[in-house]
2 protein chains.
Amino acid sequence: MNTKKKKLVVIGGGTGTYTILSGLKHYKDIFDLTAIVAMTDSGGSTGRLRDEFGYLPVGDVRLALTALANEEDEQQELIRKLFLHRFDTEGDVSGHNFGNLFLVALTDILGSEELAIEAAARVLNICGKVIPVTHEKVHLVAEYEDGRVVVGEHDIDEPREHINSPIIKLSLTSPAQITKSAAQAIRSADVVVFGPGDLYTSILANCVVRGMQEALRDTQSELIYIPNLMTKKGQTTGKGVKEHINEISRYSGRTPDYVLINDVSFSHELQNRYAKYGEYPVKQNYDGENPKIITGDFLASEEIIPKKGDVLRRSFIRHDPHKLAAVLVSVFGDKKTSSFTSF
Amino acid sequence: MNTKKKKLVVIGGGTGTYTILSGLKHYKDIFDLTAIVAMTDSGGSTGRLRDEFGYLPVGDVRLALTALANEEDEQQELIRKLFLHRFDTEGDVSGHNFGNLFLVALTDILGSEELAIEAAARVLNICGKVIPVTHEKVHLVAEYEDGRVVVGEHDIDEPREHINSPIIKLSLTSPAQITKSAAQAIRSADVVVFGPGDLYTSILANCVVRGMQEALRDTQSELIYIPNLMTKKGQTTGKGVKEHINEISRYSGRTPDYVLINDVSFSHELQNRYAKYGEYPVKQNYDGENPKIITGDFLASEEIIPKKGDVLRRSFIRHDPHKLAAVLVSVFGDKKTSSFTSF
């Protein structure tokens with residue numbers, strides 16, 4: 001019996017990363033977890049704090065830390081809840097996530113974002129590590145087929161004007177180097193997972209950092225990609241699984257070994273609700289052999305009703321943390337499978 | 001040998017209470033500590049949060065909790081530092097104390113200020129208890145001899161217009177009842193200490209709450225008063241120790257048993273610096289027998305240089321936490337002394 005833990009690295013940011021880490025942390029005997037998160041968030045509470053303090057963006061770090069936090073100890077569970085708390089008032093503090101303020105205050109006191117993340121990880125007693133993909137302060141730049149250029153993750157996510165043209169190039173405002181710890185985690189990984197998460201602003205935002213392609217080329221690890229369930233308006237409209245895989249291969253320099261695809265369909269009512277936002281199910285239009293497709297029911301059984309201050313306030317459906325974790329455990333936790341697997 | 005701990009209750013709020021509690025917590029084998037703090041702060045970060053959230057003021061609670069926090073455990077020490085941290089930027093969050101935001105977030109999550117204070121006390125692992133004097137949301141009202149009326153602690157502390165007239169009446173915007181736990185702590189106390197702290201806005205702000213006089217009348221405890229070292233412009237200008245004692249007796253319904261008076265004088269340079277703010281040493285003009293005067297060197301040996309975000313940023317001199325604690329231990333910790341004592 002092989003009792004050695006597998007080193008699993010999740011690369012992403014945002015609520016998709018929160019989801020998968022929330023599931024994986026229950027398998028800490030099987031996986032040694034590391035989350036590498038994008039450093040280009042520029043919206044909401046994070047964006048305001050970037051402007052006010054000039055620190056690295058804190059939102060994706062906060063979500064990953066919270067996902068990996070210990071929920072069993074009463075004190076740590078309270079701090080975890082505080083990290084997820086969003087002030088919902090009318091005033092200066094309104095809209096800020098308390099966890100973001102916690103990370104900013106720690107950075108003030110300890111003198112660096114790195115030390116702040118380490119301290120927060122201890123306070124929350126997280127299982128695993130959370131590593132920023134870079135320590136450099138940069139923003140995303142998206143170039144569209146129609147010639148437009150949009151700077152900043154927030155404006156790419158929620159364009160100020162209607163954009164009906166695909167992104168043809170994603171880059172950064174200036175070159176940024178991958179952190180040593182992120183590169184090291186990838187090089188020594190057994191399994192690297194991209195996603196779930198928005199293709200450009202959460203996943204590829206990590207790949208446009210210098211050194212990411214080299215780390216992915218050097219590692220012996222399997223590369224798994226979990227596309228989002230729905231397209232993202234102004235980013236992946238019209239793109240199916242095939243186009244998602246192509247973009248991942250193009251920016252990461254590696255073709256994924258496996259792609260996890262949910263094969264449970266959503267109700268028409270739900271699809272209509274998404275359609276109002278210009279978002280549609282990601283079509284399974286891929287029939288190649290490399291990467292291999294792993295299909296199954298990876299859907300959260302309960303529809304998410306957005307609540308005030310909720311982490312997932314914009315999602316109606318999402319991946320199920322436990323189903324995602326279970327398939328990763330089953331396929332990569334013990335011994336590798338090379339056969340097409342259905343769940 | 002009497003090994004039973006003495007129940008000591010400090011009544012006040014603000015930096016004076018922070019000072020004395022910081023000293024007393026090192027004698028947790030001798031004293032069972034309770035801090036009762038005023039609920040009428042309306043300035044700075046606390047005032048902004050009162051306006052935004054409508055909760056009880058958090059600043060005095062935060063200071064008392066921080067003073068009593070465990071400094072030995074590394075995690076708790078970090079949280080203690082966070083509680084004292086003040087954001088010093090240009091933006092929405094600027095000027096807010098992180099500890100205040102922590103208490104507000106806890107109140108959001110737990111549903112009441114009482115539960116929030118209890119939770120923060122556990123997170124900081126404080127030695128003792130911190131109790132709001134009332135749970136009712138009220139403001140201070142000061143009436144001056146010249147007929148003016150000022151509402152709100154902040155405006156009384158820092159009047160918008162020049163006031164050269166003594167306060168003749170302190171009251172609240174509406175009646176507020178003492179909390180059960182505060183009344184109980186006073187009734188079962190062995191020693192009750194008023195101060196150090198601003199006479200009207202920190203100490204008497206507790207006495208204008210309904211039920212405070214009754215609790216002080218019913219308790220068997222000794223009552224100690226520690227006046228501030230300096231007068232407060234617009235509040236106690238021209239008042240000596242005698243007038244301070246008279247106001248304490250008038251509002252608390254009890255004459256203190258002891259008054260602790262520092263007898264070390266300050267340099268002329270320091271006095272000149274205070275004089276620029278219209279503040280002068282509180283003159284020892286009292287020669288009665290009840291209360292008894294305990295004199296000694298209670299002065300912090302080092303002059304406080306105000307730092308950015310410092311708790312004590314407006315003070316140049318202050319009481320020494322350890323000297324204050326030592327005299328209380330010596331006089332009340334073991335057996336009572338009824339003789340005039342000099343330190």
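Here is the naming used below: chain letters follow the sequence lines, and residue numbers restart at 1 for every chain.
Other residues, nucleotides and ligands contribute only 12 or fewer heavy atoms inside 6.0 Å of the NZ atom of Lys129(A). Atom NZ of Lys137(B) has more than 12 neighbouring heavy atoms from other residues, nucleotides or ligands inside a 6.0 Å radius. Atom NZ of Lys81(B) has 12 or fewer neighbouring heavy atoms from other residues, nucleotides or ligands inside a 6.0 Å radius.
Highest contact tally toward chain B, considering only Val93(A), Leu49(A), Val123(A), Asp108(A), is held by Val93(A) [criterion: heavy-atom pairs under 4.5 Å].
Counting only distance, with no hydrogens or angles, the side chain of Glu52(B) and the backbone of Thr89(A) share no donor-acceptor pair below 3.5 Å.
How far CD of Glu90(A) is from CG of Asp51(B): 13.0 Å, rounded to the nearest 0.5 Å. Between the NE2 atom in His96(B) and the CG atom in Leu101(A) there is a gap of 9.5 Å [rounded to 0.5 Å]. Considering CD of Gln75(A) and CG of Asn125(B), their distance stands at 8.5 Å, rounded to 0.5 Å. Note: Ile79(A) CD1 to Phe102(B) CZ = 4.0 Å, rounded to the nearest 0.5 Å. Here the CD1-NE2 distance, from Ile109(B) to His85(A), works out to 5.5 Å after rounding to the nearest 0.5 Å.
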